[in-house]
*Asks:* 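Sharing a structure below in structure tokens format, with a few things to ask.
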Amino acid sequence: MVTLPDGSQKQAAAGTSIFDFVKASIGPGLAKAAFFAKLDGEPVDLTRTIDRDSKLEIVTTKNEEALEVARHDAAHVMASVVQKLYPGTQVTIGPSIEDGFYYDFARETPFTPEDLEKIEAATNAAIAEDMPFERSEVSMDDAIAMFEGMGETYKVEIVKDIAARGAKTLTLYRHGDWVDFCLGPHGPSTGRIGIVKLLSVAGAYWRGDSNNAMLQRIYGTAFFDKKALEAHLHKLEEVKKRDHRRLGPALGLFAFHEFAPGAPFWLPNGVTVYNVLEDAMRRLVNKNGYLEVKTPLLFNKRLWETSGHWGKYRENMFLVVDSESDEKLSLEDRCSFSLKPMNCPSHHLIYRMQKRSYRELPLRYYTTDALHRNEASGSLGGLTRVRQFEQDDSHIYLMESQVTAEVLRIFELMKIAYGAFGLEFEATFSTRPEQRIGDDAMWDRAEGLLKQALDEMGLKYGLNPGDGAFYGPKIDMLVTDSLGRKWQTCTIQLDYAAPERFDLTYQGEDNTLHRPVVIHRAIYGSFERFMAILTEHYAGAFPTWLAPVQARVLCVSDRFNEWGHTVAQQLQGMGLRVEFDESSEKLGAKIRQAQLDKIPYALVIGDKEVQAKGVTPRRRGGEDLSLMPLEQFAAQFAAEAKPPF
RNA sequence: GCUGCUAUAGCUCAGCGGUAGAGCACCUCCUUGGUAAGGAGGAGGUCCUGGGUUCAAGUCCCAGUAGCAGCUCCA
């Protein structure tokens, strides 16, 4: 007896394949559209036989999950083609991933872009051959012998691992004369994959470990039809257009120079946005009991020895040679100073500058100083990974009993800040890792406090067991932008180690000394990364309150310049960021330029406006407002330009 | 840091062994034009840097630097 998703039940003769059952008992149309099935929830091939009462769900090519399977099919086909075209190449793994798939190959000579074209063509040709995927099971010993015979050393290694985990048999999938092992399921045949497009080659370490051999990874994607593929490629183009690395220089926000890799130059427009963000955050934290401080950028390494950075983080620190140090010493010994990579240790020093009372807690220090981290050259990229940046960084010193309430306060600030940008956020809760300090009782308490805060906030969160810092559990925030992409912005971390290392204390109500707990938190995270997110989120068209230039005055002819200048000056006098277009272009060209510069308002001035002492505003989207008196526009413009927090 | 790719005018790119090109931007002049490009003229380049091959090198080879796609890393 087979139960279908709609609850209906149908009789199936024992031993019939799912495909035959569907064709006979449900309909040939569904059988034709079917890609794989779920038998009692377990994904299986359509060739799987039904041998007991079960729930059956047919997954058709309309379903996203089918596409995932098809992409895995595509990875198999591509691997088979690569081994034909390039004998001696070993296969390793090839999963389907978001939006596509990849396959890692072991080969002396890397693949060139020309190779990729050849492989792509041959892959699509193999798809056209419409070879069925055939599933079989073999014993582990047979599997090992088979892959050893084929000289597939990586496969042998994986199979041995699987055997070591207790598996008795291995599932093989064959199409044509090519075989690989894999859990499956696969689609019915190669012909059902649709169309494959290969995108890039890159190196990837075997098993993701940089001590291992570098493999050649080919990335590709597959779609059931050409139209869907083209839509996907078009979407990639659109994302590219929003890329902050392209928009930043084009809109005069920021730029990079070879002489300072990983350190942005903030151009006038970018500084304006940066400052608006920074001012808003400063107002917000000031209203919420934070105390702003500034600390040195350059510190004696004794600070980092105290904090533990010298041991654990030195590779990422920019060390500074003390010119008065003994030249005979090693270079590292001469580097008695370092630029700070984090603010926490210097905040701890301030905490220690006087005796603290429980009455002062929670004590919240806020800093936006520049931080320097010597990130690996290959990991730099735009504003999302830089070597010099600033954070809206805070360290909060409090009693354990205050933690939950304080975390809730932080969530409230995040809600205000992210809400202003229309960014949704969710949380990931990371708990105790294997390597950790403190006893289990401490971790129980700490995790309980954070969990309580998450629950009280009603925040959606996922669990990341074992991913906490060695010194405490943490909450990571993921924000979702206008394209649905997720970005990690900040973490809220509980720290039980720093108070020990820095011997931080407070005098309690009971007149004895106690250890405070430290919370590390930032809301934007780094201003640099946040600017990147916002630039792409808004596609460079910042809302009026953030826009570097909020309005530009455009005169129909320079005969109207006098009133135009009056308008610009009056608005500027109100603190609004208004420009005057001096060019001798026609109005259409000026409008076009304002639009390309993504300025929220173009203020058109001609005869009528001069007569009426007014302006005719045009919104960035193309919407024309009607002629209105300057005072009226100024009032509504000023309201719109006011930061929301 | 690792693998691969890339580097030509401010930007986007073409050129590919024989003394440097286009579009846009920029400058000058003309045009005074009502909602996404008015016209004409002009200026602008140690073709990333350093080596090598060659009679001859943006053009081929090697190295360095930076960027890009990934991998590793990411408090």
Side-chain angles (χ1 to χ4, degrees), chain A residues 97 102 104-105 107 109-116 199-219 240 243 245-246 249-250 252 255-262 304 307-309 312-313 315-317 340-345 371 373-382 384-387 391 393 469-471 474 476 488 490-491 493 495 497-498 520 522 525-526 529 554-561 583-597 602-609 616-625 627:
Chain A
I97 52 174
Y102 68 77
D104 284 348
F105 299 97
R107 181 171 187 248
T109 30
F111 299 105
T112 65
E114 293 73 42
D115 292 335
L116 230 57
L199 299 168
S200 60
V201 232
Y205 299 109
W206 168 237
R207 303 207 145 165
D209 186 334
S210 56
N211 297 312
N212 287 345
M214 176 75 65
L215 306 172
Q216 303 299 322
R217 174 174 297 180
I218 299 181
Y219 282 92
K240 225 167 149 185
D243 192 326
R245 291 170 298 190
R246 181 181 291 238
F256 286 91
H257 191 277
E258 195 182 329
F259 290 171
W304 312 116
S307 68
H309 287 87
K312 287 211 160 120
Y313 203 69
E315 279 198 353
N316 284 295
M317 295 183 11
K340 65 178 172 189
M342 297 182 199
N343 288 309
C344 17
L371 303 176
R373 299 182 189 175
N374 198 356
E375 302 287 355
S377 57
S379 67
L380 300 177
T384 52
R385 195 77 180 275
V386 285
R387 286 187 174 146
Q391 293 178 317
D393 198 10
F470 72 93
Y471 47 74
K474 62 175 182 174
D476 294 318
Q488 196 190 318
C490 73
T491 67
Q493 305 189 348
D495 188 346
H520 303 245
S526 88
R529 179 175 289 183
L554 316 178
C555 291
V556 173
S557 141
D558 57 18
R559 288 189 287 118
F560 313 114
N561 277 5
S583 71
S584 65
E585 293 296 333
K586 302 213 302 192
L587 183 62
K590 291 181 184 178
I591 294 276
R592 176 173 187 270
Q593 196 53 52
Q595 184 79 22
L596 291 174
D597 293 340
L603 305 179
V604 176
I605 303 234
D607 223 350
K608 288 179 287 184
E609 287 75 16
T616 300
R618 178 192 193 272
R619 280 198 228 271
R620 179 167 49 195
E623 181 195 357
D624 288 317
L625 307 184
L627 169 62

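Proteins get letters first, then strands, A, B, ... in listed order; numbering begins at 1 in each.
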*Asks:* Mind telling me whether B:G10 is syn or anti, cutoff 90° either side of 0?
*Replies:* anti
*Asks:* Over how many whole Å does the gap from A:Arg207 atom CZ to B:U3 atom C1' extend?
*Replies:* 20 Å
*Asks:* Looking at every heavy atom in both A:Tyr471 and A:Ala497, which two are closest together, and how far apart are they?
*Replies:* CB-CB, 3.4 Å
*Asks:* Contact class for A:Phe560 (heavy atom, under 4.0 Å): base, sugar-phosphate, or nothing?
*Replies:* nothing
*Asks:* Would you compute the distance between atom CG of A:Asn374 and atom OH of A:Tyr313 and round it to the nearest 0.5 angstrom?
*Replies:* 9.5 Å
*Asks:* Out of B:G67, B:G34, B:A66, which has the shortest distance to the side chain of A:Glu258?
*Replies:* B:A66
*Asks:* Contact class for A:Gly208 vs. all strands (heavy atom < 4.0 Å): base, sugar-phosphate, or nothing?
*Replies:* sugar-phosphate
*Asks:* Look at all strands and tell whether A:Thr491 reaches a base, only sugar-phosphate, or nothing, counting heavy atoms closer than 4.0 Å.
*Replies:* nothing
*Asks:* Expressed as a whole number of Å, how far does the C1' atom of B:G42 sit from that of B:A9?
*Replies:* 15 Å
*Asks:* Has A:Glu623 got a side-chain atom pairing as donor or acceptor with A:Arg618's backbone, closer than 3.5 angstrom?
*Replies:* no
*Asks:* Taking the minimum atom-to-atom distance to the side chain of A:Ile591, which one of B:U35, B:A37, B:U3 wins?
*Replies:* B:U35
*Asks:* Show, in sequence, the C-alpha distance, side-chain angles and deciding distance for A:Trp304 and A:Met317, and conclude whether the side-chain contact (heavy atoms from CB on, under 4.5 Å) test is met.
*Replies:* CA-CA 10 Å; A:Trp304 312 116; A:Met317 295 183 11; 3.6 Å; yes
*Asks:* Atom pairs under 3.5 Å, N or O on each side, protein against nucleotides 29-33 of chain B: can you list them with distances?
*Replies:*
from, atom 1, to, atom 2, distance (Å)
B:U32, O2, A:Ser557, OG, 2.6
B:U32, O2, A:Asp558, N, 3.0
B:U32, O2, A:Asp558, OD1, 3.1
B:U32, N3, A:Asp558, OD1, 3.0
B:U32, N3, A:Asp558, OD2, 2.8
B:U32, O4, A:Asp558, OD2, 3.0
B:G33, N7, A:Val556, O, 2.2
B:G33, O6, A:Asp558, N, 3.2
B:G33, N2, A:Ser584, O, 3.3

*Asks:* Say you pick atom C1' in B:G44 and the same atom in B:U59; how far apart are they, in whole Å?
*Replies:* 23 Å
*Asks:* Under 4.0 angstrom, heavy atoms only, what part of the nucleic acid is A:Asn316 near: base, sugar-phosphate, or nothing?
*Replies:* nothing
*Asks:* Tell which nucleotide pairs with B:U32, taking only Watson-Crick or G-U wobble pairs whose two distances are both under 3.5 angstrom.
*Replies:* none
*Asks:* Looking at B:C5, B:U35, B:G1, which one has an atom nearest to any side-chain atom of A:Val604?
*Replies:* B:U35
*Asks:* Roughly, in whole Å, what's the span from CZ in A:Arg246 to P in B:C24?
*Replies:* 19 Å
*Asks:* Mind checking A:Ala589 for me? I need base, sugar-phosphate or nothing, with any heavy atom below 4.0 Å counting as a touch.
*Replies:* sugar-phosphate
*Asks:* Which nucleotide sits closest to the side chain of A:Ser379: B:G34, B:C73, B:A37?
*Replies:* B:C73
*Asks:* Between atom CD1 in A:Ile218 and atom C1' in B:G4, what is the gap in whole Å?
*Replies:* 12 Å
*Asks:* Please determine, for the side chain of A:Leu596, which listed nucleotide (B:A36, B:U35, B:G67) has the closest atom?
*Replies:* B:A36
*Asks:* Using a 3.5 Å distance criterion without hydrogens, assess whether the side chain of A:Asp115 forms a donor-acceptor pair with backbone atoms of A:Thr112.
*Replies:* yes
*Asks:* Can you measure A:Leu215 atom CG to B:C71 atom P for me and round it to whole angstrom units?
*Replies:* 13 Å
*Asks:* Only pairs with both distances under 3.5 Å count, Watson-Crick or wobble alike; so what is the partner of B:C71 in this structure?
*Replies:* B:G1
*Asks:* What is the minimum heavy-atom distance between A:Gln488 and A:Asp476, and which atoms define it?
*Replies:* NE2-OD1, 3.5 Å
*Asks:* Between A:Asp209 and A:Arg207, does any NZ, NE, NH1 or NH2 come within less than 4.0 Å of an OD or OE carboxylate oxygen?
*Replies:* no
*Asks:* Assess the residue pair A:Asp624 and A:Val604 against the criterion (side-chain contact (heavy atoms from CB on, under 4.5 Å)); give the C-alpha distance rounded to whole Å, side-chain angles, the decisive distance to 0.1 Å, and a yes or no.
*Replies:* CA-CA 10 Å; A:Asp624 288 317; A:Val604 176; over 6 Å; no
*Asks:* Okay, side chain of A:Arg387, backbone of A:Glu375: is any donor-acceptor separation there less than 3.5 Å?
*Replies:* yes
*Asks:* Specify the separation, in whole Å, of atom CG of A:Asn212 and atom P of B:G70.
*Replies:* 22 Å
*Asks:* When you compare B:G52 with B:G21, how far apart are their C1' atoms, in angstrom units rounded to a whole number?
*Replies:* 29 Å
*Asks:* Does a distance-only test, which skips hydrogens and angles, find a donor-acceptor pair under 3.5 Å between the side chain of A:Arg385 and the base of B:C73?
*Replies:* yes
*Asks:* Indicate, yes or no, whether a donor-acceptor pair under 3.5 Å links the base of B:G70 to the side chain of A:Tyr205.
*Replies:* no
*Asks:* Taking the P atom in each of B:G1 and B:G64, what is the distance between them to the nearest angstrom?
*Replies:* 10 Å
*Asks:* Identify the nucleotide, in any strand shown, that forms a Watson-Crick or G-U wobble pair with B:A14, with both distances under 3.5 Å; if there is none, say none.
*Replies:* none
*Asks:* Assign each of A:Arg592 and A:Phe256 to its nearest nucleotide of RNA chain B by heavy atoms, then name whichever residue's nucleotide is nearer the 5' end.
*Replies:* A:Arg592
*Asks:* Is any side-chain N or O of A:Arg245 closer than 4.0 Å to OP1 or OP2 of B:A69?
*Replies:* yes
*Asks:* Taking atom C1' in both B:G17 and B:U54, what distance in whole Å separates the two?
*Replies:* 9 Å
*Asks:* Under a 3.5 Å distance rule, please check whether A:Ser557 uses its side chain to pair with a backbone N or O of A:Arg559 as donor and acceptor.
*Replies:* yes
*Asks:* Distance between the C1' atoms of B:C2 and B:G58, in whole angstroms?
*Replies:* 29 Å
*Asks:* Rounded off to whole Å, could you give me the CG-to-C1' distance for the A:Asn211 and B:U3 pair?
*Replies:* 16 Å
*Asks:* Is B:C47 paired to anything, Watson-Crick or G-U wobble with both distances less than 3.5 Å, and if yes, which nucleotide?
*Replies:* none
*Asks:* Could you let me know what B:U65 is paired to, Watson-Crick or G-U wobble, both distances under 3.5 Å, or none if it's on its own?
*Replies:* B:A7
*Asks:* How long is the line joining CZ of A:Arg618 and C1' of B:U35, in whole Å?
*Replies:* 6 Å
*Asks:* Which comes earlier along RNA chain B counting from the 5' end, the contact point of A:Gly606 or that of A:Ala260, where each point is its nearest nucleotide?
*Replies:* A:Gly606
*Asks:* With the side chain counted from C-beta on, respond yes when A:Val386 and A:Phe256 share a heavy-atom pair under 4.5 Å apart, and no when they do not.
*Replies:* yes
*Asks:* Is there, by distance only and without an angle test, a donor paired with an acceptor across the side chain of A:Glu609 and the base of B:G34 below 3.5 Å?
*Replies:* yes
*Asks:* Does B:G42 pair with anything, Watson-Crick or G-U wobble, both distances under 3.5 Å, and if so, with which nucleotide?
*Replies:* B:C26
*Asks:* With sugar-phosphate meaning primed atoms plus P, OP1 and OP2, does A:Lys608 contact a base, only sugar-phosphate, or nothing at under 4.0 Å between heavy atoms?
*Replies:* base
*Asks:* Roughly how many Å apart are B:U28 and B:A43, using the P atom of each and rounding to a whole number?
*Replies:* 15 Å
*Asks:* For B:C24 and B:C48, measure between their C1' atoms and round to the nearest Å.
*Replies:* 23 Å
*Asks:* Send over the distance from A:Phe259 CZ to B:U49 P, rounded to a whole Å.
*Replies:* 12 Å
